[in-house]
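The structure under discussion appears below in the form of structure tokens.
Throughout, protein chains are lettered first and strands after them, A, B, ... in sequence-line order, and every chain is numbered starting at 1.
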Amino acid sequence: MDLLKNITDATKEIFETMIMLDITPGDPLKESVKSFKCSVSGVIGLAGNCQGMLAIHTPDDVAKAITSSFLGMDVDEINEDVTDAIGELANMLAGSIKMALDGAGKDVTVSIPSCIHGEEYSMDCVADADWVVVPFTIESGQFLVELQLKNC
Amino acid sequence: MGKRVLVIDDSSTMRKIVSRSLRQAGLDFDEILEAGDGQEALTLLESQSVDLILSDINMPNMDGIEFLRQKKEIAGIAGIPVVMITTEGGSDIIGEAKALGAAGNIKKPFTPDKIEEVIGGLI
């Protein structure tokens with residue numbers, strides 16, 4: 001299963017159909033990112049035949065720009081609209097990954113989205129998981145989509 | 001009385017986007033009601049009448065499948081058509097929803113055109 005292609009295609013589809021922002025994928029990172037500053041992360045857990053998580057990590061300004069375009073309104077601060085929007089974005093991405101895994105014969109369930117934000121925080125990796133982190137660029141900056149999968 | 005629709009989703013973002021997409025699709029609802037999960041929707045339907053329900057599946061407290069299961073046992077609301085709006089577009093859970101009476105399915109992400117295509121014939 002081509003995780004990189006699945007992430008890239010799913011992210012582009014969501015931005016083209018529902019967020020209406022031009023988006024450019026970059027080359028996958030060679031090292032995972034564990035620490036974030038002034039950012040918002042939407043996280044979905046994956047369970048079943050494959051275990052892991054999908055996350056989207058957005059700097060505050062990028063999170064506000066995504067939310068503003070998503071909802072069609074001005075967003076000046078990190079508030080419930082922003083955390084809900086980034087969580088829902090992670091939810092839609094995880095749904096696309098789940099469908100790809102289901103198509104490959106895996107039986108995977110997805111959790112309700114969670115959202116983390118703050119001036120400085122870190123997230124640990126799933127132990128022994130395969131991972132891919134893809135940067136995407138929009139006008140307001142860059143964000144990361146991260147997928148970790150174990151036993152796939 | 002004009003037509004009314006109930007949107008059930010735990011994401012306030014998605015409830016707003018569904019409401020906006022209904023307007024962009026030109027669907028003529030006079031009022032759009034909202035609920036954050038299936039239990040909240042069942043409570044709301046005790047006092048409010050609607051012509052159509054749009055529901056997410058993966059929600060806390062009461063998910064969309066359990067909502068369908070309980071709704072079809074309540075005489076006054078069993079006949080209201082329900083369209084599922086979910087990320088799980090191709091999985092077995094869609095079949096389960098249809099077996100419980102769901103009238104259709106819209107996969108996230110969606111466009112207003114897709115909303116009109118699925119819902120247009122139900123109102």
Side-chain angles (χ1 to χ4, degrees), chain A residues 9-21 23 40 42 44-49 54 63 66-73 75 79-115, chain B residues 7-25 32 34-40 54-67 83-97 105-118:
Chain A
D9 289 351
T11 306
K12 287 177 72 176
E13 182 189 16
I14 292 166
F15 273 74
E16 286 167 3
T17 58
M18 295 190 78
I19 302 180
M20 308 299 181
L21 289 175
I23 184 171
V40 181
I44 298 275
L46 305 169
N49 291 147
L54 181 139
I66 289 171
T67 305
S68 179
S69 190
F70 213 175
L71 294 176
M73 64 186 213
V75 177
N79 55 24
E80 281 188 21
D81 283 334
V82 176
T83 57
D84 189 88
I86 299 303
E88 185 58 29
L89 182 52
N91 189 38
M92 287 193 283
L93 284 168
S96 293
I97 298 301
K98 171 182 164 49
M99 283 183 65
L101 290 168
D102 286 349
K106 307 292 184 183
D107 184 14
V108 175
T109 58
V110 297
S111 74
I112 302 291
S114 301
C115 198
Chain B
V7 180
I8 313 171
D9 200 306
D10 56 315
S11 164
S12 61
T13 298
M14 195 49 60
R15 296 197 301 271
K16 289 173 186 167
I17 288 170
V18 171
S19 299
R20 186 178 68 195
S21 297
L22 288 169
R23 290 191 294 273
Q24 289 173 334
I32 300 173
E34 297 184 7
D37 60 52
Q39 184 58 60
E40 195 178 317
L54 308 178
S55 178
D56 188 17
I57 290 182
N58 193 20
M59 296 180 286
N61 301 322
M62 182 188 291
D63 65 20
I65 295 297
E66 182 60 23
F67 169 74
V83 171
M84 312 312 289
I85 299 185
T86 180
T87 58
E88 301 181 41
S91 58
D92 293 344
I93 205 161
I94 297 302
E96 189 177 1
N105 175 64
I106 296 170
K107 181 187 172 301
K108 301 175 190 173
F110 54 80
T111 62
D113 286 347
K114 184 65 180 177
I115 294 261
E116 201 281 333
E117 176 189 324
V118 176

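- The NZ atom of A:Lys98 sits 11.5 Å away from the CG atom of A:Asn91 when rounded to the nearest 0.5 Å.
- Note: B:Asn58 leads B:Asn58, B:Thr111, B:Asp10, B:Asp9 in heavy-atom pairs under 4.5 Å with chain A.
- With values rounded to the nearest 0.5 angstrom, B:Thr86 atom OG1 is found 9.0 Å from B:Met59 atom CE.
- Residue with the most contacts toward chain B among A:Met92, A:Glu80, A:Met18: A:Met18 (heavy-atom pairs, distance under 4.5 Å).
- Using a 4.5 Å cut-off between heavy atoms, A:Ser111 contacts chain B through its backbone alone, with no side-chain atom that close.
- Note: B:Phe110 CZ to B:Ser21 OG = 4.5 Å, rounded to the nearest 0.5 Å.
- In this structure, B:Lys16 does not pair ionically with A:Asp84, as no charged nitrogen and carboxylate oxygen lie closer than 4.0 Å.
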